[in-house]
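Throughout, a chain's letter reflects where its sequence line sits, starting with A, and its residues are numbered from 1.
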There are 2 protein chains.
Amino acid sequence: MTTDRKAGRPSLAQVAALSGVSIKTASRALAGEPRVAADTRSRVRDAADQLGYRLNGVARELRRGASTSTLVGLLIGDLANPFYSRLAGGLERELRMRGLQLITASTDEDPEWERRLADALLERRVRGLVIASTATEHAHLAAEHHHGIPFVFVDRPPVALAVDSVLLDNHHGARQAGAHLTAVGHRRIGVVGDLSRLSTHRDRLDGFVDAMRAAGVANWADYLVENAHDVATAERAVLALLGRAPAPTALFTMNNRITLGALRALRGHPAPPALVGFDEVDLGDVLGVSVVAHDPEEMGQRAARLLLDRIDGHRGPARQVVIPTRLLARGSGERPPASPATTAGS
Amino acid sequence: MTTDRKAGRPSLAQVAALSGVSIKTASRALAGEPRVAADTRSRVRDAADQLGYRLNGVARELRRGASTSTLVGLLIGDLANPFYSRLAGGLERELRMRGLQLITASTDEDPEWERRLADALLERRVRGLVIASTATEHAHLAAEHHHGIPFVFVDRPPVALAVDSVLLDNHHGARQAGAHLTAVGHRRIGVVGDLSRLSTHRDRLDGFVDAMRAAGVANWADYLVENAHDVATAERAVLALLGRAPAPTALFTMNNRITLGALRALRGHPAPPALVGFDEVDLGDVLGVSVVAHDPEEMGQRAARLLLDRIDGHRGPARQVVIPTRLLARGSGERPPASPATTAGS
DNA sequence: ATGAAAGCGCTAACAC
DNA sequence: GTGTTAGCGCTTTCAT
């Protein structure tokens, strides 16, 4: 219990000294290299144990020169968002099969913090970096990219940087959602979205607007709310929408947190509006929530494959994988308008 | 676009050469040290930009000697479990205020992988390590601990290692749940738990059994299922329990995933048994699920404070923080038994 | 304000 | 099978 507290950690030299061999032999013995006598090896190991020696990975990495790290970094907006955590899960499983370890850091959707995290990981020479970027500018990564460290962008595309990416089919998914609701007869549809600067938000909004145009709904912007980034904000936004006169007869909630907020707002509502959400939500099937679903694990898996390819030396141009979405009709999205659908806007 | 691909990354020496100063001056200029002429500084910066230079943090760390890292590691069982991700969130917020960055890796509840992850992070000389350990043995961390790197165990206690920890009041919470159900009149209570080797599971089971003893329920073990580690397994386990004759009139699901599985299994059930879950679940309030709740963010926050204390040089003995639990009665746990409660076991 | 030399802990070469 | 030497890229003396 009372070992040398401050003494700093023992180095290979001390292990070598204690076991009476040269530093290089100690290195070989501990690294498990073949050409070491069995008893030498065990002597060195004992000395290491006794000293509480741990290899200094920093020194090793410096000497070996960078591309020996087993660590891959992942930068996401928010660990607590199941979309991201499922993505991380898919990525990790795939990397683990290759002996690579995933470390995940959360940017809190702050571009400056994202940059500092990327710097920290890059400086530590991770083997590759997967980013769900919240930034709108990625020039600072160009140099790293040219020096050969692999990047994969997920969920949101790189800006002015030719690297691999895995994206959702946001436009199509949102268009489907919009078309689904107009097909049931809705003309006043409340739309609630995340931070307006995010490309995912813009793409989804575009898709939705396409559907509105196709259905001849001109006043879609009347019921649009943006920048609802957390559940509580989304809940308030939905309550505000429902308080309008005339109230929307349907809702399109453009991500999982917003859908949660809406479900909260709709709790106990006598005649709830129709609801379609983007992203799956926990218990969505049990609750009968219609959603535009997709597979975050697959997204992670595909990202891992692109990355592994590059680690293996693939040199081709940037590739883009698009993950499909599909509408799951479970009840909430099929409720017809309670009042005549054409009351407003004509 | 066609920069030197293979050329390896530029070093400080190259930046120095290009800007016509010594290597040390270049170092000073880029590190933002005061005693550098303004035009020298800008010349060096230009050269660095032109070369796509990035500081080699590995070399810096080797030279500076370990305790300058801004990275703190977190090892958890599963990123996709909201309990862990909320814990990570609380931890991260607190660390960020001190300029420290959190990197999280997932052990998948595999002790061997946990060990390898700990090794990888420790070798990279993280500033501290927070672990929700799935292992039952932590001797290999003792040496690191003695060399002064701070550990904090969360959710599950360290074994034979005197380090700080933040734990839930599992025993009390589970006892409350059991007492709540017997108070409503239940005598046949299905209990579904996670991996039996986990201390959290054992503590919760002990607490529940205490409540059964206090209520004079002797046959509690008849309806016990363990090792239900994921939602699907839990769902099957609950269905199997409900198929018994006589069927349990109530369920105690001992963690959030198991509760999700139970909710799935109970979907559309004409006369669902009472249900109390351990851990909060998403939409738990909307769905009326009674739970033994606690605050994972607080757990993370407290862990961060213990860690920061140690980083700041605190030398006292290991401290243990216990996070309280409280029963939230929302409906599902208050349903009375459908059939006479005393049918079985007397 | 700038530079020269030493060295952090390790491993790759090349001895022996 | 084992030892010697050199050097990864940086920062720290200590000079100038």
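The ring pair (Phe, Tyr, Trp, His ring centres under 6.0 Å) check on B:Phe151 picks up nothing, with sequence neighbours excluded. By the side chain to side chain contact (heavy atoms under 4.5 Å, CB included) test, A:Arg86 is found to be paired with A:Glu280, A:Asp295, A:Pro296, A:Glu297, residues two or more places apart in sequence or in another chain being considered. Among residues two or more places apart in sequence or in another chain, the salt bridge (charged side-chain N to carboxylate O under 4.0 Å, His left out) test is passed with A:Asp164 by A:Arg310, A:Arg319. For A:Tyr84, the ring pair (Phe, Tyr, Trp, His ring centres under 6.0 Å) criterion is met by no residue, not counting sequence neighbours. Shown here are the salt bridge (charged side-chain N to carboxylate O under 4.0 Å, His left out) partners of A:Glu33, two or more places apart in sequence or in another chain: there are none.
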Please tabulate, for side-chain N and O atoms in residues 134-141 of chain A, each donor-acceptor pair with protein atoms closer than 3.5 Å (sequence neighbours left out).
unit_1: A:Thr134; atom_1: OG1; unit_2: A:Glu109; atom_2: OE1; d: 2.7
unit_1: A:Thr134; atom_1: OG1; unit_2: A:Arg197; atom_2: NH1; d: 2.9
unit_1: A:Glu137; atom_1: OE2; unit_2: A:Ala139; atom_2: N; d: 2.9
unit_1: A:His138; atom_1: ND1; unit_2: A:Val159; atom_2: N; d: 2.9
unit_1: A:His138; atom_1: NE2; unit_2: A:Ser133; atom_2: OG; d: 2.7

Could you pull out every donor-acceptor pair under 3.5 Å between side chains of residues 21-31 of chain B and any protein atom, sequence neighbours left out?
unit_1: B:Ser22; atom_1: OG; unit_2: B:Lys24; atom_2: N; d: 3.3
unit_1: B:Ser22; atom_1: OG; unit_2: B:Thr25; atom_2: N; d: 3.2
unit_1: B:Ser22; atom_1: OG; unit_2: B:Thr25; atom_2: OG1; d: 3.3

For residues 70-80 of chain A, which side-chain N or O atoms pair as donor and acceptor with protein atoms under 3.5 Å away, sequence neighbours left out?
unit_1: A:Thr70; atom_1: OG1; unit_2: A:Gln101; atom_2: OE1; d: 3.1
unit_1: A:Asp78; atom_1: OD1; unit_2: A:Ala80; atom_2: N; d: 2.9

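In this structure, the CZ atom of B:Arg54 is 16 Å from the P atom of D:dG9, given to the nearest Å. Going from atom NZ of B:Lys24 over to atom C1' of D:dG9 covers 12 Å, rounded to whole Å. Whole-Å rounding puts the A:Arg63 CZ to D:dC10 P distance at 15 Å. Rounded to whole Å, the distance from CD1 on B:Ile23 to C1' on D:dC8 is 12 Å. A:Glu123 has its CD atom 20 Å from the P atom of D:dC8, to the nearest Å. As a whole-Å value, the separation of A:Arg64 CZ from D:dA6 P is 23 Å. Computed from coordinates, the A:Leu62 CG to D:dG7 C1' distance equals 9 Å when rounded to whole Å. Straight-line distance from the CG atom of B:Leu55 to the C1' atom of D:dC10: 8 Å, rounded to whole Å.
Comparing the end axes of the helix from C:dA1-D:dT16 to C:dC16-D:dG1, each fitted to five base pairs by superposing C1' atoms of four pairs onto the next four, gives an inter-axis angle of 30° (nearest 10 degrees).
For residues 13-63 of chain B, no residue pair satisfies the ring-ring contact (aromatic ring centres under 6.0 Å, His included) rule, not counting sequence neighbours.
Here A:Val58 lies out of heavy-atom contact (under 4.0 Å) with every strand.
Of all the residues in residues 27-45 of chain A, A:Arg28, A:Arg35, A:Val36, A:Ala37, A:Thr40 reach under 4.0 Å from DNA chain D with at least one non-hydrogen atom.
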**Request:** Could you go through the side-chain hydrogen bond (donor to acceptor under 3.5 Å, both in side chains) check for B:Arg124 and A:Ser69 one step at a time?
**Result:** CA-CA 10 Å; B:Arg124 297 317 192 70; A:Ser69 167; 2.8 Å; yes
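Taking the 5' to 3' direction, DNA chain C first and last meets chain B under 4.0 angstrom from a heavy atom at C:dA1 to C:dG9.
Side-chain contact check for B:Val152 versus B:Val163: every heavy-atom pair is 4.5 Å or farther apart.
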